[in-house]
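Working notes, structure below.
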Amino acid sequence: MLYLCGHSLGLQCRSTARYVEDELRDWRRLGVLGHHAAHRPWIGYHQEAAAGLAALAGAGELEVVAMNSLTVNLHLMMVSFFRPDAARNRVLIEKSAFPSDRYAIVSQLEYHGLNPDEHLIEVEPRSGERNLRTEDLVALLEREGPRLALVLLPGVQYLTGQALELAPLIDAARASGACVGLDLAHAIGNLPLRLHDWNVDFAVWCSYKYLNAGPGAIGGCFVHERHARRSDLPRFAGWWGHTAATRFQMGPGFVPMPGAPGWQISNPPILSTAPLLASLELFGRAGLARLRQKSLALTATLHRLIDERLSRSVEVVTPADPAQRGCQLSLRLALPAAQAHACHVRLEAAGVIADWREPDILRLSPVPLYNSYQDVFAAVEALARALAP
Ligand SMILES: Cc1ncc(COP(=O)(O)O)c(C=O)c1O
């Protein structure tokens, strides 16, 4: 099997089984005592991920936490950071945002008694273009700014693979007075991030793509340090967000931990967090900067081979500028819809795992942790055969 689908579900690290088995053994051996006596005590398990996540997010350890899943975290962040009033009551997202984000936002607008037709602004590329332009987004943010309560941007657009130029966009959104959140599902572990310096209010991600933490793995969340000790922000609280020192006094009053961990609700799922720890350890050893260097070369090779061999039947939708993309290339096949889809089926039958996104996009991602140049050459060879059976 030739696996180029890390943008959807990353592969299992060799050490994952050991990490999970450690927890199963401690649970078997220790029962409830594992909360304190386990090899990695469960009582502070979320902290085990903090250093690794902080390094990948470009954040302080207090600014990140592994918890829940992406859409749940987005809802929790919106409870705190989407505070519409009479003047500011709109949310700006991209037109082809991942549907779950749109569902979450529409449901939050409705929860606040707002009409999504009026209060949701969806920005799309210029007519005839596939990708968003920074200058257009900045102009829109300036124009709509006074009415915006929240701007939600993707790190990497899931369908096109475009990596947005986040720093100027965040600056423009914040200058307008809006809160800014990021969906980093396709960015974390893929691109270097500087969430703290970018001054974004919050970010959410899943860990099953480039973070290789397994299907349905625990997600993650960033809350900027400047919100770490704010007591005026509403939040949906639970006991795991309560100050650790007094949590087990079981008092009635909620006193949040400072920083992102204070947004936790429940105690963390140990068995779905263990694979994340395995993966973060690997990222720590490999180093994201080195992975990015290899990624740039792998994706450029894929792009060049497609241009050389398949340009008559394939359009690369992802920006050609390496600064505007991560691992992923999104291809539009210049075939009628049914034939394009059949091409993906043939590719998979030939053992090349990529994925198909309606209506017309084939996504391929060489991932530097586990893909090689050989994989890239073989994938293009297989795609050529699948296009002309
Ligand atoms: C860009 C993006 N946002 C949100 C989600 C939803 O993630 P979850 O099911 O973990 O909430 C996904 C899932 O693939 C995604 O790709």
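We count ligands from 1, going down the list as the structure has it; atoms in each ligand are counted the same way.
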Review point. Nearest to atom 4 (C) of ligand 1, what protein heavy atom do you find, and at what distance?
Key: Phe98 CD2, 3.4 Å
Review point. Is there a nitrogen or oxygen of His186 sitting under 3.5 Å from a nitrogen or oxygen of ligand 1?
Key: yes
Check your understanding: What do we get for Asp101 next to ligand 1 when only non-hydrogen atoms under 4.0 Å count, side chain, backbone, both or neither?
Key -> side chain
Exercise for review: Among all protein heavy atoms, pick out the one at the shortest distance from atom 14 (O) of ligand 1; state its residue, atom name and that distance to 0.1 Å.
Suggested key: Lys209 NZ, 2.9 Å
Point to revise | Gap between atom CZ of Arg230 and atom CZ of Arg235 - 0.5 Å precision | key: 10.0 Å
Exercise for review: Quick one: look up the protein heavy atom nearest atom 11 (O) of ligand 1 and list residue, atom name and how far away it is.
Suggested key: Thr71 OG1, 2.5 Å
Review point. For Leu191, which fellow cluster members are found when Ile, Leu, Val, Met, Phe, Trp and Tyr are connected by side-chain heavy-atom distances below 4.5 angstrom, either directly or through intermediates?
Key: Val156
Point to revise | Sub-4.0 Å atoms of ligand 1 with respect to non-hydrogen atoms of Asp183 | key: 1 (C), 2 (C), 3 (N), 4 (C)
Exercise for review: Would you please indicate yes or no on a ring centroid separation below 6.0 angstrom for His7 and Tyr158?
Suggested key: no
Check your understanding: Are the aromatic ring centres of His227 and Phe81 under 6.0 angstrom apart?
Key -> yes
**Study point:** Nitrogen or oxygen atoms of Ser69 and ligand 1 under 3.5 Å apart
**Key:** no
**Study point:** side-chain hydrogen bond (donor to acceptor under 3.5 Å, both in side chains) contacts touching residues 277-288 (sequence neighbours left out)
**Key:** Glu281-Arg285
**Study point:** Nearest-contact summary for atom 9 (O) of ligand 1 - protein heavy atom, Å
**Key:** Tyr208 OH, 3.4 Å
Check your understanding: Is the gap between the ring centers of Trp239 and Phe248 under 6.0 Å?
Key -> yes
